[in-house]
Each structure stands twice: as C-alpha cells, then as structure tokens.
Amino acid sequence: MDNQKTILAVALAVVVFLLFQAWQAQNAPKPVTPTAVRQSVTTPSTSTSAVATSAATVAAPMVAPVSTGLQLATGPTVSFQTQVFTGQIDLNGGDIQQLGLLRYPQAVGNPAPYPILDKAAAKLTVQQSGFVNSDGQTLVAQFAVPAVRRADGQPITLIGKAGPLSVKKTWTFQPDSYVVEEHITITNSGSTAWNGSYFDQILRNDRAESHMFMSIFTGAVLMHQGNFSEVSFGDIHDHPELKSGPGWAGMMDHYFLTAIVPAQDAQSQIYARPSGTNYVAGVNTPLPTLAPGQSTTITQQLFLGPKQQQTLVAMGNGLEQTVDYGWFAIIAEPMHVVLTWFHGLVGNWGLAIILLVIVVKFIFFYPSAISYRSMANMRKLQPKLEKLKKEVGDDRQKLGAAMMELYRSEKVNPMAGCLPIVLQMPFFIALYWVLVESVSLRQAPFILWIHDLAIPDPYYILPLLMGVSMLFQQRLNPAPVDPMQKRIMSALPVIFAVFFSFFPAGLVLYWLTNNVVSIGQQYLITRHIMAAKD
C-alpha cells in the first residue's frame, strides 16, 4: 500500500465523517409546523400505558387533553438575582419566565447575560407548571406579590390558589450554583376530595443555531430509569415520548441545558411532545388523593445553565450525559480533563489546545516515527519508481508487480506507514468532540484577532496557515506515481483550507498545531534517512 494513498484515505475519511455528522443533522425529519399561533402550548396527554402506583391513595397522573391549551404566562413578575443568575418569576403560574446567565455574555462585544429562558426572544424557552384534576382540567396557580422584601439570592416564597387548591411555592437558590430547588406544598381548601397530578415542563420552539458542517444537537433530553436519550424536534413531532417511572426531562442546545429533575425515587411520567408550533419536555407527578384540609409537598430541582462536565457530574442523575463526546467518549473524557488542567496552568484555552496536541503527539511519537521512516524510505525510492514507470508504461498490473519486487529488494515496507496513522484517528475524533462540546471555549480568546475559539476565524488566517502546513507536509512525502492521484493530493491543502474555514478556530488551531509538530518530527527523520548512504 502506497503511503500517499494512506494519507489520502485518512484525510478523506475525516472529511466524510464530518460531512456525515452534518448530513444527519440537516436531513433529520423536519416537523410540519402548523399555522397556529406560536403562543399556544399544552400539557402532556393521557396514555393507556401510564404507570399504576402501588399506594391506593395516589391517583394515576391526570393530564389535560390536547385541545386544552395553556398560554404563556403574562402576569406580574418578581425579580431575583444571584451570583450566576438574573431573572424574573411570573406570578401567573409561579414559574421562571426570564433567566439570564451573568457569567455568559450573549456575544463578544455584547456583555448582556445569555438568556437561557426567555419568552420574548426568537429562541423561545420558558418553564411552565400547573395541576391537572381527575376531569382533565388544567389548573394554573395564581400567586400574590410576596409581602416580605428579600435579599438577592434568598428563597422566594409565593402563596396562591389553583382552583380548590392552596399552593405555597418556594424557590431556593444555591450559592454560586446553576441548580435551583423548587418546593411546592399543595393543600386541598375545598369541601371534597381532590385527585390529580402536578406537571412541570420546559417549552421551547424549534429555532436552533446554525453550524455549517457540524452536527450540534438541539432538542429534548430524557432520562428514564437510568436510560438517557436525545429526541430531536422532528422525532418529537412524529413520535411523542411518554415514559413512566423515575427520571428527568429537559431541553438542550449546543452549550446550555434546562432540565427538571424530580426526586430520584419519584414515580412520574417523563414526556416530550409537540405543543402547537412549539415543543415541551417535562415531568408529570401524581399526587396523593387529598381530603379537605389535607396537604402534600413536592420537592424537585431545576438545572439551568452551561453544560460544564464537572458541574453536571456533581449534580448526579446522569446529567453529565448531555455532554456528548461521541463514539470515543472513553478517550475524550480524560482529554477534556487534561485540557482543563492545562488551562489552569496557562490561563488561555488556545495555549491549552497547543499543549494538549503536544502531549498527544508525544504519546504517538514512536508510532509516528515508524510512519515517517516509511515515508522517507519511499521518498528515497522515488527515482527508481519513476524509472520503473517509464520502463513499464501504462501497464498497471505489470507496474504493480515491479513496484512490489522493488520494495522487497530494497527492504521497504509501504504498509509500515498505515497503522500508526489509523491508530491516531480515534484520538483526533475524540479531541474534535472535546473542542466542539466544551462550553469553556465559547467566547474564549486566543491571541490578536482570535476573540472566540468557538466560532470560525473571522479573517481565515488559521485555515490558510493550515493549508500551507499541509503543502509543507506533502513536500516531505514521496510524490505519487499516478498522475491522477498526484493532482488530487495537490488540491487537498486548498480543499481542506476552504473546508476548515467554516469550523471553529479552536479546531483549526488543533489541526494546524498537529501539522507543525508533525512537520518538525518528519523533517528530522527524513533528513537523516535521505543523508544515509546506500
């Protein structure tokens, strides 16, 4: 096997892999969006497979039919702020309708907090909650303005009514945390027993960020009895999800997660379904039958923040699975740890990427050396191969046999360069996903003109340098004997430079650094072998 063919095959495999990821994202079944008003949303529907509870006093989850709508909250609001949040709770429902992340600006040059929940933005995302009685009627609690003035970061307690129910909802904000605790105490203030359930859901539209040539998931995420799943908007439209048992549900995009996490032993319904022109993912929890004057309390958590691996692992419940490192997660996870450690040392994510590449190249120093020696030996044979081609002419079969005989006589194994390159592919793919999934690279500056490693180089300098580095690499490799293959190899640096101009600068920086380090190693080995006497 010719080493040029190996390099070409690996390069094309990378391109095909990335294009396939993008094709999957772009060609997923698209939901048919009705012309109904986008404001209309619904609660989860009933299911014949709903879980039966073991306690006689607990009613099966009661949910409203599809035709019964639940409008976006429009009541007075209560503002709050913590070290990481600034937001508003709507008193119509007592839910968080507006939430900005103080440590995550909207964009470079725009310091406004990133709106992870926002009912007014183009990317509509809000929390909704309420009750459903045994008749399928949806009840939304109406709360009064808290009488006690509270300091930022302190619990917010709301008192209100939802039909015959008296509701006390307390929001507790943990210091310097993206986890919010929700305590709901429900009391039957009526004269008859009350049966029903409490639902809490995240609603959002199908707007997603555009990532050319990159497959970035946006949609619902569900955890049911330990099984994690991602459900795209197209799949929700075609196949709504409704599962019974412990779990959690939420919505996710590239860097941020909004999730409702009940107590681990809660027997709930986990669902994802269309809601007019929008989509909801949530949790529906059955309540015990409440006699007049009787009360019950539900306690659950909401995670509203960035997909930071350590934070999600600390929270438990499998939330860390929302950081998708792809097929080679077993390699990507330790790479992310090393990358984060390097950043702690140098304080710059671009330098951390460079150091990580050097570590990976060090690990593969000897396998790479085998590959480069093979290429250098092939380069040394180049004059003899050219001579053979002239002697044999266009007889490919005879040329192939003559080349193999030459390899045997010169004790050169063209296969020696294949395996080391193939061995490094899982590491490249793993690092690709580490850089794509790492929220730390969002708006992370590098040097000079690179102000955000998570977006493409605005001046295309890094892709251009990467293309130049590929040209230098080709000069160190043996030239292809086949004219067609030679033309393809000559065009490859240009193709890759254009292709990678659409990729985040952090990824291009990785590839460029990898090429530069490889050129240095390959140059030293090639010079040594070419200088050796026959």
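For the numbers below, each heavy atom of this structure counts, side chains included, while hydrogens, waters and symmetry mates do not.
- Judged as a side chain to side chain donor-acceptor pair (under 3.5 Å), and not counting sequence neighbours, Thr86 has no contacts.
- Looking at Asp135, its side chain never comes within 3.5 Å of a backbone N or O of Gln137 through a donor-acceptor pair.
- Panel note: side chain Gln443, backbone Pro105; a donor-acceptor pair is recorded below 3.5 Å.
- When all heavy atoms of Leu453 and Pro504 are compared, the closest pair comes out as O-CB, 3.5 Å.
- Side-chain contact between Val78 and Leu91 is present, with heavy atoms from C-beta onward closer than 4.5 Å.
- Between Ala272 and Ala220 the shortest heavy-atom distance is CB-CB, 4.0 Å.
- Ring pair Trp511/Phe500: centre-to-centre distance below 6.0 Å.
- Taken to the nearest 0.5 Å, the CD atom of Gln81 stands 11.5 Å off from the CD atom of Gln88.
- Contact record, Gln267 with Gly245: OE1-CA, 3.8 Å, taken as the closest heavy-atom pair.
- Counting only distance, with no hydrogens or angles, the side chain of His224 and the backbone of Tyr271 share no donor-acceptor pair below 3.5 Å.
- The minimum heavy-atom distance between Ala266 and Pro262, with the atom names listed, is CB-CB, 4.0 Å.
- Between Val221 and Trp248 the shortest side-chain heavy-atom distance falls below 4.5 Å.
- Side-chain contact between Gln300 and Tyr198 is present, with heavy atoms from C-beta onward closer than 4.5 Å.
- How far OH of Tyr325 is from CD of Gln309: 4.5 Å, rounded to the nearest 0.5 Å.
- Within a 6.0 Å sphere centred on CZ of Phe228, heavy atoms belonging to other residues, nucleotides or ligands number more than 12.
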Q: Show the numbers, then the answer: is there a side chain to side chain contact (heavy atoms under 4.5 Å, CB included) between His336 and Gln310?
A: CA-CA 11 Å; His336 179 264; Gln310 296 99 325; 4.3 Å; yes
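- Annotation: Phe85 is in aromatic contact with Tyr178 [ring centroid separation under 6.0 Å].
- A donor-acceptor pair shorter than 3.5 Å cannot be found between the side chains of Thr185 and Ser295.
- Of the inter-residue distances, the one linking Asp457 atom CG with Phe502 atom CZ reads 13.0 Å to the nearest 0.5 angstrom.
- A distance-only check finds a donor-acceptor pair linking the side chain of Gln97 to the backbone of Gln127 [under 3.5 Å].
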Q) What do the steps show when you test Leu165 against Thr187 for side chain to side chain contact (heavy atoms under 4.5 Å, CB included), and what is the final call? A) CA-CA 6 Å; Leu165 303 177; Thr187 303; over 6 Å; no
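- Within the model, atoms NZ of Lys307 and CZ of Arg442 stand 12.5 Å from one another, a figure rounded to the nearest 0.5 Å.
- Two rings, from Tyr104 and Phe256, have their centers less than 6.0 Å apart.
- Between the Thr258 side chain and the Met251 main chain, a donor and an acceptor come within less than 3.5 Å of each other.
- Looking at Asn188, its side chain does come within 3.5 Å of a backbone N or O of Thr192 through a donor-acceptor pair.
- Under a cut-off of 6.0 angstrom, the local environment of CD in Gln225 is crowded, with over 12 non-hydrogen atoms contributed by other residues, nucleotides or ligands.
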(Q) Walk me through whether Asn195 and Thr289 qualify under side chain to side chain donor-acceptor pair (under 3.5 Å). (A) CA-CA 5 Å; Asn195 290 329; Thr289 299; 2.6 Å; yes
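- With a 4.5 Å cut-off on side-chain heavy atoms, Leu431 and Phe427 do not count as touching.
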Q: Apply side chain to side chain contact (heavy atoms under 4.5 Å, CB included) to Tyr114 and Tyr255, showing your working.
A: CA-CA 11 Å; Tyr114 178 83; Tyr255 292 123; over 6 Å; no
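- Nearest approach of Ile331 to Pro426, heavy atoms of both residues: CD1-CB, 3.9 Å.
- The closest side-chain heavy-atom distance from Trp171 to Glu182 is below 4.5 Å.
- Ile159 contributes atom CD1, which lies 8.0 Å from atom CZ of Phe143 (distance to the nearest 0.5 angstrom).
- Looking at Lys169 and Asp95, a side-chain N of the basic residue comes within less than 4.0 Å of a carboxylate O on the acidic one, giving a salt bridge.
- With 3.5 Å as the limit, one finds no donor-acceptor pair spanning the side chains of Ser275 and Asn278.
- Contact annotation: the side chain of Ile89 approaches that of Leu158 to within less than 4.5 Å [non-hydrogen atoms, C-beta and beyond].
- The shortest distance between side-chain heavy atoms of Thr297 and Ile186 does not fall below 4.5 Å.
- Within a 6.0 Å radius of CH2 in Trp449, more than 12 heavy atoms belonging to other residues, nucleotides or ligands are found.
- The environment of CD1 in Ile330 is sparse: at most 12 heavy-atom neighbours from other residues, nucleotides or ligands sit within 6.0 Å.
- Salt bridge absent: Glu241 and Arg273 never bring a charged side-chain N and a carboxylate O closer than 4.0 Å.
- Between atom OG1 of residue Thr299 and atom CD1 of residue Ile184 there is a gap of 7.0 Å, rounded to the nearest 0.5 Å.
- The shortest distance between side-chain heavy atoms of Asn205 and Lys123 falls below 4.5 Å.
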Q: Using the side chain to side chain contact (heavy atoms under 4.5 Å, CB included) rule, take Arg204 and Leu124 through it: C-alpha gap first, then chi angles, then the decisive distance, then the call.
A: CA-CA 5 Å; Arg204 71 165 288 168; Leu124 167 70; 5.8 Å; no
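- Nearest heavy atom pair, residue Pro274 against residue Pro240, reads CD-CG, 3.9 Å.
- Between the side chains of Ser197 and Thr285, no donor-acceptor pair is found at a separation under 3.5 Å.
- Ion pairing between a basic and an acidic side chain is recognised when a charged N comes within 4.0 Å of a carboxylate O; Asp176 and Arg103 show such pairing.
- Counting only distance, with no hydrogens or angles, the side chain of Glu437 and the backbone of Asp324 share a donor-acceptor pair below 3.5 Å.
- Side-chain N or O atoms of Ser177 include one that pairs as donor or acceptor with a backbone N or O of Val179 at under 3.5 Å.
- Residues passing the side chain to side chain donor-acceptor pair (under 3.5 Å) test with His343, sequence neighbours excluded: Trp349.
- Under a 3.5 Å cut-off, the side chain of Thr322 and the backbone N or O of Leu319 do form a donor-acceptor pair.
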